[in-house]
Number of protein chains: 2
Amino acid sequence: MGVLEKVGTRGRKAASAVQESVAELPLDSILMSDCIEAMRSLPAKSIDMIFADPPYNLQLGGDLSRPDGSHVDAVTDDWDKFDSFAAYDAFTKAWLAEARRILKDNGTIWVIGSYHNIFRVGATVQDLGFWILNDIVWRKANPMPNFKGTRFTNAHETMIWASMGEKSRYTFNYRTMKTLNDELQMRSDWEFPICGGQERLKRDGVKVHPTQKPEALLYRVLLASTKPGDVVLDPFFGTGTTGAVAKRLGRHWIGIEREPGYCAAAIERIEAALPLDESALRTMQAPKGAPRVAFGTLVENGYLAPGTRLFDTKRRFQAEIGADGSLRCGDATGSIHKVGATVQGTPSCNGWTFWHYEAEDGLKPIDAVRQTYLLATQP
Amino acid sequence: MGVLEKVGTRGRKAASAVQESVAELPLDSILMSDCIEAMRSLPAKSIDMIFADPPYNLQLGGDLSRPDGSHVDAVTDDWDKFDSFAAYDAFTKAWLAEARRILKDNGTIWVIGSYHNIFRVGATVQDLGFWILNDIVWRKANPMPNFKGTRFTNAHETMIWASMGEKSRYTFNYRTMKTLNDELQMRSDWEFPICGGQERLKRDGVKVHPTQKPEALLYRVLLASTKPGDVVLDPFFGTGTTGAVAKRLGRHWIGIEREPGYCAAAIERIEAALPLDESALRTMQAPKGAPRVAFGTLVENGYLAPGTRLFDTKRRFQAEIGADGSLRCGDATGSIHKVGATVQGTPSCNGWTFWHYEAEDGLKPIDAVRQTYLLATQP
DNA sequence: GTCTAAATTGAATCTTCGT
DNA sequence: GACGAAGATTCAATTTAGA
């Protein structure tokens, strides 16, 4: 059994501001060890997000070991194919189970793979109780062609994003993604070039790692599903793309990697990575990040007078503000949301955008009043 | 046990030209029955290709409404409900095993699904000994948004294409695909709009089937992986998209569908479908060494006259065809691709889909002209 | 009739907080 | 955990209605 060797790129002191349980973690360092063994050394429910790029070589070779640590021999016979899938499944189940143990209740996991392994991984993810949130397609702008012309060009890889369960409250920075995508919802298909050029790590002109992932991919993953200061674990760290991007984005990272050569390359690379400064890290916040303002507060503070008439954009409905911040429209009385839903006959309604007041230059949504209030009162 | 009820759209006589073993099959007709039961009635090793669109096991929760309050019409049909993953897996294994029995040794199978089910389906496909050739991503041009802003927009579905085994000699019409894709290898990600408009089958203004697939998707699937005269089976026939496209492309089809309502719609639809004529069909075989179709070829052969004006979809740009097949738009002159890129200010542009000509019923992409040319001229 | 604005709709695992 | 109220949330392609 190997000893867990920790290879840090920064001292533990830097983690002093982190809360106690997190302080136990080997933050911002690499555990040079077998991935399952290393995960076993981490405390339960301590990780915010896991990004995993597991091996998918079904020839097994020396890449895989069974959960008990024994070696899986390579298989070449057709009759043994089922057995090889079973071995891969056992390996997958073992590391995913450990991942599940160390993830926080509201944590999420990403796994990337190709058609060789992703279906088995996905089924295991579901079997272990994870709740799939999306499958994301990485469309390669410049895939390797199918030289023999025997199939379609294999131009994508698939990522699975899953939470701990159906009810878990995971992090999804919706507003950030929408901003990143030119004010359109970010879709489940992402296009990036494969990792090459200056970004591709090379040693003596030879690529250090065969499957180095582009930083742009990890950038979007981390930006979408983590918050600054979160702890991100990559159990198949390789040359540390996850660590380099995590550092850049102000997230803590932990890498697990068995190969000393990959570890060395990763450390050198991450040390050279420059973190974005605080102002650059600021992203579009979800409205729910802003303090809640009750409609009644606006009335109490004189931003909207009781008796003021409110309208929908087409003036089909007219309502009147009560002294307590309630709204009345015909027989319907209640919150701005409830009355809006009632008069429209819809199950719900955002009263802030539905109701408008009469301004000098036409109708304006009462949400504008709320914004004015927020600007005037927030420090 | 239900009786297999055969619902044909043509007499058996029409199959007389088919070889003996195939003549035993209920060609070009629907078996109104449970899919596993119906497949059991078919002879072993008799089918060239199977396209399957099984239930996705969506596991939807409560109702969903759009931001405007309108109700989203979800898939609530009983046929999509399963008690557990285990139950879904058992169902999947059962129908896939039958599919494997009736496929020829060199046959292939396509299965379409979403993240809800595709990983389980893919793992079972592999477990049964199928050899995955590609996973294909159908990128939806117009997916339904994520109304609540909780995840990435689910903008794609996944198809698995597999042969009977690693050594099987499956059909892949490489040349045809490459020609269809402007002389670039066809990739594993395909973009199509979802099925709507005139193509979407409706009864009394209501969609007949909740998950009708676009014909363009099946067109490419059949064109890529079958030959004229091949027998294509769809065990989850629904409203018969597979049958309609198979008929159009001169392939035999067999549908299995339990719901009488779907069967009736499928028959009516397929009877109305017009097969391409024989000369057009022969082009689908696309011999190796088929000439590249340059835009200029279309001009030379009178498919597009010099001087014809081309437009983008929004008529922001107007260009004129030169006698040599070049395009001119203001100062920009060159190939359809280059001029398209220049006027848009983009690094590249697929001129075939960017530029449109004025047809009687509106603008049509010049790619349509290329299709016409290909159908008419390829040996 | 023609053009433009408005309405409709699609395989969707679709909220969060306080009591 | 159940329940109720507050609050946040949509893109592209058609079709229909209206000017």
Residue-phosphate contact under 4.0 Å: A:K314 side-chain N/O, C:dA7 OP1/OP2: yes
Quiz item: B:R66 side-chain donor-acceptor pair to C:dG10 base, under 3.5 Å: yes
Euclidean distance for C1', C:dC14 against D:dG7 (whole angstrom): 15 Å
Interatomic distance where CG belongs to B:L64 and C1' belongs to D:dT10 [whole Å]: 11 Å
Distance test, side-chain N/O of A:K178 to OP1/OP2 of D:dT10, below 4.0 Å: yes
Side-chain donor/acceptor of B:R151 to base of C:dT13, under 3.5 Å: yes
Test item: B:D80 side-chain N/O and B:D77 main-chain N/O as donor-acceptor pair under 3.5 Å: no
Nearest-Å distance for atom pair CE/P, residues B:M144 and D:dC11: 13 Å
Between C:dA11 (P) and B:Y115 (OH): distance, integer Å: 14 Å
d(NZ, B:K207; C1', C:dT8) in whole Å: 12 Å
Touch class at under 4.0 angstrom, heavy-atom based, for A:I336 against every strand present: nothing
Pair partner, C:dG18 [Watson-Crick or wobble, under 3.5 Å]: D:dC3
A:W352 CH2 to C:dT15 P, straight-line distance once rounded to whole Å: 22 Å
Between D:dT10 and C:dG10 - C1' atom distance, rounded Å: 12 Å
A:R370 NZ/CZ over A:W352 ring centroid, <6.0 Å and within 45° of normal: yes
A:R370 side-chain N/O to D:dA6 phosphate OP1/OP2 under 4.0 Å: no
Nearest-Å distance for atom pair NE2/C1', residues B:H156 and C:dA11: 12 Å
Protein-nucleotide distance (B:K81, atom NZ; C:dA12, atom C1'), rounded to Å: 13 Å
Ring-face cation contact, B:Y219 with B:R248, 6.0 Å cut, 45° max: no
Identified ring pair (Phe, Tyr, Trp, His ring centres under 6.0 Å) partner of B:Y88 from the options B:F82, B:Y56, B:F119, B:W95: B:F82
Nucleotide D:dT9, atom P - distance to OH of A:Y174 in whole Å: 7 Å
Below 4.0 Å: OP1/OP2 of C:dT13 and any side-chain N or O of B:N154: yes
Separation of the C1' atoms in D:dT16 and C:dG1, to the nearest angstrom: 16 Å
Contact under 4.0 Å: A:H337 side-chain N or O vs D:dA6 OP1/OP2: no
Donor-acceptor pair under 3.5 Å, B:K213 side chain vs C:dA11 base: yes
Under 3.5 Å donor-acceptor, B:N117 side chain and B:S114 backbone: yes
is_close_aromatic(B:W79, B:F236), centroid dist under 6.0 Å: no
Flag, side chain of B:E199 to backbone of B:E215, donor-acceptor distance under 3.5 Å: yes
Within the 6.0 Å centroid threshold, strictly below: A:W190 and A:W138: no
Stacking check A:W131 vs C:dT13 (5.5 Å / 30 deg): yes
N/O (side chain, A:S335) to phosphate O (OP1/OP2, D:dA6) under 4.0 Å: yes
Protein-to-nucleotide contact annotation, 5' to 3' order, nucleotides 14-19 of chain D [B base; S sugar-phosphate only; - none; under 4.0 Å, heavy atom]: SS----
Identified pairing partner of D:dT15, criterion: Watson-Crick or G-U wobble below 3.5 Å: C:dA6
Touch class at under 4.0 angstrom, heavy-atom based, for B:D80 against every strand present: base
salt_bridge(A:D127, B:R120) N-O dist < 4.0 Å: yes
Glycosidic class, syn or anti, of C:dT13 using a 90° window around 0: syn
